[in-house]
There are 2 protein chains.
Amino acid sequence: MKDINEKSTYHHGDLRETLLVVATKMLQESGIKEVSLRKLASRVGVSRTAPYHHFKDKNALLCGMAEKGFEQLHQINKNGYEDEELSIREHFYRFIHDYIQFAHNNPDLYELMFGRTIWKDKSSTQELRDSAYPCFQFQVAMTQEWQKKGLFNVDDNALRASQVLWGTVHGIAKLFIDGIYTDNSKIDEICDYAVSMFLSNSKQ
Amino acid sequence: MKDINEKSTYHHGDLRETLLVVATKMLQESGIKEVSLRKLASRVGVSRTAPYHHFKDKNALLCGMAEKGFEQLHQINKNGYEDEELSIREHFYRFIHDYIQFAHNNPDLYELMFGRTIWKDKSSTQELRDSAYPCFQFQVAMTQEWQKKGLFNVDDNALRASQVLWGTVHGIAKLFIDGIYTDNSKIDEICDYAVSMFLSNSKQ
DNA sequence: AAAGCAAAGTTGACACTGTCAAGTTAACGT
DNA sequence: ACGTTAACTTGACAGTGTCAACTTTGCTTT
């Protein structure tokens with residue numbers, strides 16, 4: 001491992017990681033449209049094609065960025081779930097709220113994580129899937145737990161329930177992110193209302 | 001108006017409409033990534049920059065395509081709502097089902113209609129908004145009607161209810177379209193389950 | 001009917017993109 | 001100390017959206 005502080009002239013030392021960090025920064029600063037391999041390379045101070053020695057193509061770079069996003073999101077879900085001071089209903093609210101808040105705080109990253117760019121046409125890398133699937137499964141597990149405890153008054157099918165729930169948070173998040181729901185100050189209200197629609201006759 | 005069957009050498013006659021039709025066809029055939037102005041122009045048999053006399057830029061063309069999509073979707077919603085043989089619960093189911101089916105049948109068009117490409121950064125044209133807003137409002141009106149008739153057991157706030165409902169159908173549709181939910185044969189089951197989650201204690 | 005003007009369509013050009021091929025540099029294991 | 005190989009570079013190509021300047025056509029006005 002090379003000293004990070006020492007600027008090497010030819011070999012960069014940790015280019016792969018640097019590319020991911022800087023690309024993500026560019027994404028957050030100016031949106032996906034401004035993330036080009038050439039701009040990225042130039043900003044990192046390396047030639048146009050240097051990234052190709054660390055990522056097969058642009059798609060692989062994007063997958064790498066999304067990967068880190070899924071780790072973050074997974075962690076957020078875990079934190080909420082493991083908070084022992086909350087009631088089940090509060091856990092449920094927190095999941096919805098935290099999820100949509102994450103999307104709202106990282107709109108372009110969220111867009112990337114769930115966009116067809118990296119998922120459609122089998123273009124997702126193995127590493128991306130390895131990072132995303134546990135995140136998905138955790139949501140199913142949470143739903144299963146809630147359902148077991150009687151939070152929803154429906155047939156006991158955790159997979160279906162979680163697919164609908166995830167659809168709801170994903171949809172609301174997207175409608176905000178994409179600029180169709182425009183009044184950001186109403187996010188909390190909408191989360192609240194979603195909770196009451198799902199739990200209107202819950203035993204909890 | 002020029003005879004449509006007669007091929008004119010210089011002036012096309014109805015280029016704007018032709019561009020919209022052919023571009024939409026390209027979209028359905030090979031996805032948004034394959035829709036370029038140059039390919040489109042060449043396929044229509046016209047020079048690269050001819051489209052600029054009918055659309056300010058590529059974004060305006062995309063808005064024009066989305067516009068037609070909203071008219072279709074609006075019509076589908078209307079048809080379902082005006083079917084007098086259905087109970088309220090059936091109306092609700094049909095809305096969810098038809099909506100997701102539309103998205104599933106026209107994945108790339110749906111993606112375009114609701115994607116940030118045409119909505120974010122104030123890039124939507126006035127005509128697009130004129131076509132989309134009535135479609136949105138119709139959904140709010142439907143929800144209001146359902147709520148008035150006691151379909152949901154929550155506070156009487158049609159806007160919030162419709163935002164959550166739309167979020168749900170939009171989210172489920174997107175998760176299928178973008179290749180994250182992959183088993184298309186389960187669409188109907190998920191729609192069913194969504195209905196029961198919302199109506200589990202409804203009076204209807 | 002002739003003139004003229006605006007709309008519609010053209011070619012050339014520019015800056016930008018992702019990616020390949022071929023060459024160069026430097027680091028590391030034998 | 002040497003040679004292999006990974007990391008990095010430059011040159012090149014095909015493709016993109018869009019602008020400016022030019023040509024053709026059709027319609028309106030005199």
Side-chain angles (χ1 to χ4, degrees), chain A residues 1-4 6-23 26-27 30-65 108 112 115-118 120-121 123 125, chain B residues 1-4 6-23 26-27 30-65 108 112 115-118 120-121 123 125:
Chain A
M1 184 63 185
K2 177 171 291 198
D3 187 342
I4 297 215
E6 185 184 346
K7 190 185 156 199
S8 72
T9 46
Y10 199 90
H11 281 61
H12 181 283
D14 196 19
L15 186 52
R16 197 194 133 94
E17 189 61 21
T18 308
L19 287 170
L20 284 175
V21 171
V22 175
M26 289 171 72
L27 182 71
S30 357
I32 189 73
K33 226 190 152 186
E34 293 298 309
V35 178
S36 84
L37 284 182
R38 296 170 103 110
K39 275 190 218 141
L40 171 60
S42 130
R43 183 154 155 183
V44 169
V46 97
S47 82
R48 305 154 253 147
T49 56
Y52 283 88
H53 292 264
H54 301 273
F55 299 96
K56 186 181 150 286
D57 51 19
K58 187 180 185 183
N59 182 67
L61 172 76
L62 296 178
C63 285
M65 296 162 67
D108 294 279
L112 176 63
R116 59 179 16 198
T117 326
I118 58 175
K120 207 63 189 183
D121 303 326
S123 46
T125 61
Chain B
M1 183 63 185
K2 178 172 290 196
D3 187 342
I4 297 217
E6 184 182 346
K7 188 183 155 200
S8 73
T9 45
Y10 199 91
H11 280 62
H12 182 283
D14 196 18
L15 186 52
R16 197 194 133 94
E17 189 60 23
T18 309
L19 286 170
L20 283 175
V21 170
V22 175
M26 289 172 72
L27 182 71
S30 356
I32 189 74
K33 228 188 149 187
E34 292 298 308
V35 177
S36 85
L37 284 181
R38 295 169 102 109
K39 277 191 216 139
L40 171 60
S42 129
R43 183 153 156 184
V44 170
V46 95
S47 82
R48 304 154 255 147
T49 56
Y52 282 88
H53 291 267
H54 299 273
F55 299 96
K56 183 182 153 286
D57 52 18
K58 187 180 185 184
N59 181 69
L61 172 76
L62 297 178
C63 285
M65 294 161 69
D108 294 279
L112 176 63
R116 60 178 15 200
T117 325
I118 58 176
K120 207 63 188 181
D121 304 325
S123 45
T125 61

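Note: hydrogens, waters and symmetry copies are ignored here, and every other heavy atom, side chains too, is used. Quick caveat, the model's predicted, so the values are computed rather than measured. Each chain gets a letter, A, B and so on, in the order its sequence line appears, and its residues count up from 1.
Close to dC8(D), at under 4.0 Å from its OP1 or OP2, lies a side-chain N or O of His54(A).
Checked against dT18(D), dT10(C), dT19(C), the side chain of Asp57(A) finds its nearest nucleotide in dT19(C).
Rounded to an integer number of Å, the gap from Phe55(A) CZ to dC8(D) P is 12 Å. What separates CZ of Arg16(B) from C1' of dA7(C) is a distance of 15 Å, to the nearest Å. One atom, NZ of Lys33(A), and another, C1' of dG17(D), lie 9 Å apart when rounded to the nearest Å. Look at CZ on Arg43(B): it is 14 Å from P on dT16(D), rounded to the nearest Å. When rounded to the nearest whole Å, the span between CG of Leu37(A) and C1' of dT10(D) equals 17 Å. Taking atom CZ of residue Arg48(B) and atom P of nucleotide dA13(C), one finds them 10 Å apart after rounding to whole Å. Atom NE2 of His53(A) is separated from atom C1' of dG18(C) by 15 Å (rounded to the nearest Å). Separating the CZ atom of Arg38(A) from the C1' atom of dT9(D) is a distance of 13 Å, rounded to the nearest angstrom.
Among the protein residues, Ser36(B) comes within range of the sugar-phosphate backbone only, with heavy atoms under 4.0 Å from sugar or phosphate atoms but none that close to a base.
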query = Taking it one step at a time, do Asp108(A) and Lys120(B) satisfy salt bridge (charged side-chain N to carboxylate O under 4.0 Å, His left out)?
reply = CA-CA 11 Å; Asp108(A) 294 279; Lys120(B) 207 63 188 181; over 6 Å; no
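Exactly one residue among Val22(A), Val21(A), Leu20(A) makes a side chain to side chain contact (heavy atoms under 4.5 Å, CB included) with Thr18(A). That residue is Val22(A).
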